[in-house]
Amino acid sequence: MNNNQDSTAHLQLFDTYRRGLFPFTSLLEDVVSLYVCGPTVYDYAHIGNLRNYLFVDILRRVLEANGYRVKHVMNITDVGHLTSDADSGEDKMLKGARMRQRSAWDIAKYFEAAFLKNMQQLQILSPTVLCRATEHIDEQIEYIQALEIKGFTYQTADGIYFDTRKLHSYGYLARLDIEGLQAGKRVDLGGKRHLTDFALWKFSPDNSTEVERQMQWSSPWGVGFPGWHIECSAMSERYLGKKFDIHVGGEDHINVHHSNEIAQCEGRHGQQPATFWMHGRFLQMAGEKLSKSGSSIRLDDLISEGVEPLALRYLFLTSHYRSHMQFSVKALHSSALALKRLRVMLASWPDHGSVDPVLKNSFNRLVNRDLNTPQALALLWKVTKSELCEPNKKATILYFDKVLGLSLKMNPVSAAVPQHILQLAELRQQARVDKNWRRSDVLREQLLGLGYQIIDSAEGFKISRK
RNA sequence: GGCGCGAUGACAGAGUGGUCAUGUAGCGGACUGCAACUCCGUCAACGCCGGUUCGAUUCCGACUCGCGCCUCCA
């Protein structure tokens, strides 16, 4: 909407379903309905998880920059496999040790809060609706009943399953080769009829030797809990209807989770739920993906090493969301430095300039081309070196920052400096006046060790966090 | 075994059939008591082999290497 410019300026997004870049048009005139597969809250989010939500945040901001209001729904998967039976080893032992004496419900609540805090630290806008799987059990049961009535389900010893053979289109999103999969299957089918069939409802183990599940509900099929995929279908429909504009998730969801969501929706309504399917690629470290169970890095780890959260945001924006990114502390530091330099530069420029219309246009064009933040950042740096007057540079860059979300207006130099630090800095200044170079160098080293950097100038000195 | 993705300078990472990405680092210089900050200047790349083309890092094909999903995972 309201893109009165040429066609290249119109928002274009990559749709996994059609495997290509397409002009974005919304179902309703000025509202975009967006569903995001949120976190499973059984552990801390690592920075790879966070990258994906940052991608969503950019999408949201770009949509808003295009004049849309965004109805942004994200689920919290708080139905986990947090049973007391250890069916997948060491990871759960670690969790148990960390969270000893706490129920599955408490754990979900705890990690949800930790996740939301990370969102805030990265200046990721809150969804307009945040919905928990455990609070929508009725909708899920109803959804399964609807599928049952249409004949897409069957029962096995451990649950109710979706029969994927009943849908000719199954797996189209992932371009799955069903026959090939079947031929090369590596997993035991259990009671399933076909490899791609999946659980809609799982029965609680009624074996008395096993400790009772902490999270379970009664249903028409018996006591149990919902399958992995049904929550997203049930909740997206609840909040956005059976057809909405954009569905987002990580690349790992293409093959299974989203294929199954589509299957559920096609089973019930005869159509797939979203116009656009968008997927963020993984962050990697040393060439490998990060994982919740293996070695991973959390935002809190970085913060405790003195890294500002928004430096991570900057780093992520230097790559495209559809590329794998190699994370390293070195790269993070280079981003932190770049970010700081931008802020110092902006702080030194006068306010009350006006946004340059040509550059504004170029910026919008870049982010409208499938959220090309790397090029948008490159443009930003070009603005700093452009012929514009300083107030206008500043206004233009702050306009960019509405999408980038880097708090470029923050002035690192004027940030509060503790009194004792300031005193040291003044002692050093006095030593310099006395030409006591040795003493002044010692004090400078000391301040640096405390994380503060002195910037000398003709008029005196300034001090800022390193 | 099935499906898919990638290979760009020291690092991170865009992009393009023939002109510069960008940031950090490096190098040279200015500034400085010495530094830092800042400023000016500067080096540097497109995995390998063929093909298409006047011309390919960019298009096509083979190869090598790497990665993801198929099992909870963004």
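Proteins get letters first, then strands, A, B, ... in listed order; numbering begins at 1 in each. What you are looking at is a predicted structure, and each value in this text was computed from that prediction instead of being measured. As a basis for the values below, the full set of heavy atoms in this structure was taken, side chains included, without hydrogen atoms, waters or symmetry mates.
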For nucleotides [N] and [M], find the distance between their [atom1] atoms and express it as a whole number of Å.
| N | M | atom1 | value |
| --- | --- | --- | --- |
| C20(B) | G41(B) | C1' | 16 Å |
| U57(B) | C48(B) | C1' | 13 Å |
| A7(B) | U58(B) | P | 11 Å |

Within the modelled atom types, does a donor on one side and an acceptor on the other bring the side chain of [X] and the base of [N] under 3.5 Å apart?
| X | N | answer |
| --- | --- | --- |
| N436(A) | G33(B) | no |
| S440(A) | G33(B) | yes |
| R444(A) | A36(B) | no |
| R281(A) | C69(B) | no |
| N372(A) | A14(B) | no |

With a 4.0 Å cut-off on heavy atoms, is [X] in touch with a base, just the backbone sugar-phosphate, or nothing at all?
| X | result |
| --- | --- |
| G249(A) | sugar-phosphate |
| L379(A) | nothing |
| K435(A) | nothing |
| Y53(A) | sugar-phosphate |
| R175(A) | sugar-phosphate |
| H279(A) | nothing |
| L176(A) | nothing |
| H333(A) | nothing |

Where each residue is assigned the nucleotide of RNA chain B containing its nearest heavy atom, which of L377(A) and R438(A) is assigned the position nearer the 5′ end? L377(A)
Between K385(A) and A331(A), just flag the one whose closest nucleotide in RNA chain B comes earlier from the 5' side. A331(A)
Proximal nucleotide (of [options]) relative to the [X] side chain:
| X | options | result |
| --- | --- | --- |
| N52(A) | A36(B), C70(B), A74(B) | A74(B) |
| W437(A) | G13(B), G33(B), G23(B) | G33(B) |
| Y314(A) | A25(B), G23(B), A74(B) | G23(B) |
| W228(A) | A25(B), C72(B), G13(B) | C72(B) |
| S319(A) | G23(B), A35(B), A14(B) | A14(B) |
| K330(A) | U38(B), C73(B), C11(B) | C11(B) |
| H253(A) | C73(B), A14(B), C70(B) | C73(B) |
| V256(A) | A74(B), C70(B), U22(B) | C70(B) |
| R428(A) | C34(B), A12(B), A10(B) | C34(B) |
| R432(A) | G68(B), G23(B), G33(B) | G33(B) |

Under the criterion side-chain hydrogen bond (donor to acceptor under 3.5 Å, both in side chains), which of H247(A), H258(A), R322(A) is the partner of H279(A)? H258(A)
Aromatic Y17(A) / basic R19(A) pairing, under 6.0 angstrom, 45° off normal: no
Carefully, step by step, assess F363(A) and L404(A) under the rule side-chain contact (heavy atoms from CB on, under 4.5 Å). CA-CA 11 Å; F363(A) 179 85; L404(A) 302 176; 4.2 Å; yes
For F203(A) and A157(A) the tightest heavy-atom approach is CD1-O, 3.5 Å
For the residue pair [Y] / [X], report whether a side-chain donor-acceptor contact shorter than 3.5 Å exists.
| X | Y | result |
| --- | --- | --- |
| H136(A) | Y239(A) | yes |
| D434(A) | Q430(A) | yes |
| D356(A) | T396(A) | no |
| N49(A) | Y44(A) | no |

Pair D401(A), K409(A) - check salt bridge (charged side-chain N to carboxylate O under 4.0 Å, His left out), show working. CA-CA 9 Å; D401(A) 198 34; K409(A) 206 168 185 178; over 6 Å; no
Range-with-range stems for RNA chain B, at least three Watson-Crick or G-U pairs under 3.5 Å: B:1-7 with B:64-70, B:10-12 with B:22-24, B:26-30 with B:38-42, B:49-51 with B:59-61
